[in-house]
Q: 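Attaching a single structure in structure tokens format; questions to follow.
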Number of protein chains: 2
Amino acid sequence: MMSDKIKIALADDEELFRKGIYFLLQREQNFEVIFEAANGNQLIDFLTTNSNRPDIILMDLKMPLLNGVEATKLITQQFPNIKIIALTSYNTKSFIANMIEIGAASFLVKNASPKEMIFTINEVYKKAFYYNEQVIKILSEFKFPIENRSDFFEKVELTSREREVLELICQQFNSTEIAEQLFISPRTVDTHRNSLLFKTNSQNIAGLVLFAIQNKIVIL
Amino acid sequence: MMSDKIKIALADDEELFRKGIYFLLQREQNFEVIFEAANGNQLIDFLTTNSNRPDIILMDLKMPLLNGVEATKLITQQFPNIKIIALTSYNTKSFIANMIEIGAASFLVKNASPKEMIFTINEVYKKAFYYNEQVIKILSEFKFPIENRSDFFEKVELTSREREVLELICQQFNSTEIAEQLFISPRTVDTHRNSLLFKTNSQNIAGLVLFAIQNKIVIL
DNA sequence: TTAATCCTACGTAAAAACACTTATTTTTTA
DNA sequence: TAAAAAATAAGTGTTTTTACGTAGGATTAA
């Protein structure tokens, strides 16, 4: 006879965090942690080579080699029965949009309480998914709940003009100054900036600068 | 008769992480966790109002309100007997230089093993400090261990409030959102942002983001 | 040729950023 | 302990950004 415990896998690159969660989960009678992974690759390897599969995966989004977003995409496709709860430090709109799109069953910020984590796991096991109030609130703020996301991690293709404008934005020029340098109208610069905001899923120029640095469009 | 256990305080804003560490430490016979703080202020409050003081503090560097660096500065001045072990996600040179300069007794990356954590705590309790091989290796790479930091960037002293605002700006929050999180008026947030612009010699928030990244106030 | 993409540009309105000033509280220091 | 300095907080006014829509011309590919 098989165990009727909820089988859980953990994926997080921080061993201290992982072990900590492990002991928190271990205290619950109906939970059984069957695997720990330090990155997405380890997790995928386990799932493909092992017949004892988890019901639920607690997945950190930031991991080396294969991050949580990519791993979630793969797993939801190949193992649709496994439910994934995403773990992040920050509850940003773009993250949430992303994770829901690629099929995460729920969402936990790392400063959630252990009680909340355990509740979420039980809810996700019982139902198809569980979103807490905070997430629902953020979701309700979307104008276009599904369409309005472009992946934070996914490659974003910029046109050459957009790239030029982005570089100048990172040099702290405003629209008028950029327009002078590129010999175009400030309105056109605005248009390009707006495209950049949309494409990179940024809220403002702070987001554009971060994107530019992360994508090595500007080098520090 | 007093306990001869090692008294430990935890400071980390992520409750899940904190609780996890708590259970890891609790399994050790000679450890006793006497306090948990979600930010530096809570920790300082505890130390100043309570006579039962920890021997060792496990301190996350990234915390809201009062971060680990600032808290460490205060505590090493006011309570020189308390030894601080800094926790970070990344082992960068400037962090290590910083933490040693302000008096951290040791250093743990969050993907250390529980075994390593426990070993470090015991070492720090027995001796004045403990630096693992990784940290020593990084230290040995300094040409001028103390002086060689931040020669390129002029030293800009930010207040803790300014630092908080800057961190939130880098997370793409606007003044209203930042105000809500810090429980102050949006106008006050504007004031802090203006101080930041002046102090960092920036033209706009693009410049602030660049400054924050270059000075490791935010980490990519 | 039609479709698609890109660059260009404008209008309106709202939101946010930014500049400047003032006031209160806290900390330093003389 | 009083004065000075620094930090924090907040109001007023101007400029810039941002949202959203529209649209013509150039280039390229199906």
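Keep in mind it's a predicted model, so treat the numbers as computed, not measured. Below, all heavy atoms of this structure are taken into account, side chains as well, without hydrogens, waters or symmetry copies. Naming: A, B, ... by sequence-line order, numbering from 1 per chain.
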Q: Using five base pairs at each end, measure the axis-to-axis angle across the helix from dT1(C)-dA30(D) to dA30(C)-dT1(D) and round it to 10 degrees.
A: 50°
Q: Side-chain N or O of Ser185(A) versus OP1/OP2 of dC10(C): is the shortest distance under 4.0 Å?
A: yes
Q: Would you say Ser160(B) places a side-chain N or O within less than 4.0 Å of OP1 or OP2 belonging to dA7(D)?
A: no
Q: Hey, does the side chain of Ser175(B) come within less than 4.0 Å of dA16(C)'s phosphate (OP1/OP2), counting only N and O?
A: no
Q: Please table the atom pairs, donor to acceptor, closer than 3.5 Å between any side-chain atom in residues 180-189 of chain A and protein atoms at least two apart or in another chain.
A:
residue: Ser185(A); atom: OG; partner: Arg187(A); partner atom: N; Å: 3.0

Q: What integer distance in Å separates Ile184(B):CD1 from dG11(D):P?
A: 12 Å
Q: Give the rounded distance in Å between these two atoms: CG of Asn41(B) and P of dA7(D).
A: 16 Å
Q: Rounded to whole Å, how long is the line connecting atom CD1 of Ile178(B) with atom C1' of dA17(C)?
A: 11 Å
Q: Would you mind reporting whether Leu25(B) and Ile121(B) have side-chain heavy atoms less than 4.5 Å apart?
A: yes
Q: When you look at Leu197(B) and Asn194(B), which way does the side chain to side chain contact (heavy atoms under 4.5 Å, CB included) test go after all the steps?
A: CA-CA 5 Å; Leu197(B) 289 171; Asn194(B) 283 333; 3.9 Å; yes
Q: Do Leu196(B) and Phe211(B) make a side-chain contact, defined as non-hydrogen atoms from C-beta onward lying under 4.5 Å apart?
A: no
Q: Find the distance Leu158(A):CG to dC7(C):P and express it as a whole number of Å.
A: 10 Å
Q: Can you tell me the distance, in whole Å, between the CZ atom of Arg187(A) and the P atom of dC10(C)?
A: 7 Å
Q: For the pair made of CD1 in Ile205(B) and C1' in dT17(D), what is the distance, rounded to whole Å?
A: 9 Å
Q: Listed in order of residue number, which residues of residues 189-204 of chain B have a non-hydrogen atom at under 4.0 Å from DNA chain D?
A: Thr191(B), His192(B)
Q: I would like to know whether Ile21(A) and Leu87(A) meet side chain to side chain contact (heavy atoms under 4.5 Å, CB included); could you show each step before the answer?
A: CA-CA 12 Å; Ile21(A) 298 293; Leu87(A) 294 171; 5.7 Å; no
Q: Run the numbers on Phe17(B) and Asp60(B) for side chain to side chain contact (heavy atoms under 4.5 Å, CB included), then give the verdict.
A: CA-CA 10 Å; Phe17(B) 183 82; Asp60(B) 187 23; over 6 Å; no
Q: Considering just the side-chain nitrogens and oxygens of Thr188(B), establish if one lies under 4.0 Å of OP1 or OP2 belonging to dA9(D).
A: no
Q: How long is the line joining CG of Asn174(B) and C1' of dC18(C), in whole Å?
A: 14 Å
Q: Using a cut-off of strictly less than 4.0 Å, decide whether Arg161(B) has a side-chain nitrogen or oxygen near OP1 or OP2 of dA9(D).
A: yes
Q: Looking at side-chain heavy atoms only, is the closest gap between Phe35(B) and Asn50(B) below 4.5 Å?
A: no
Q: dT8(D) C1' sits how many Å from Glu164(B) CD, rounded?
A: 12 Å
Q: Is there a side-chain contact between Leu208(B) and Val209(A), using heavy atoms and a 4.5 Å cut-off?
A: no
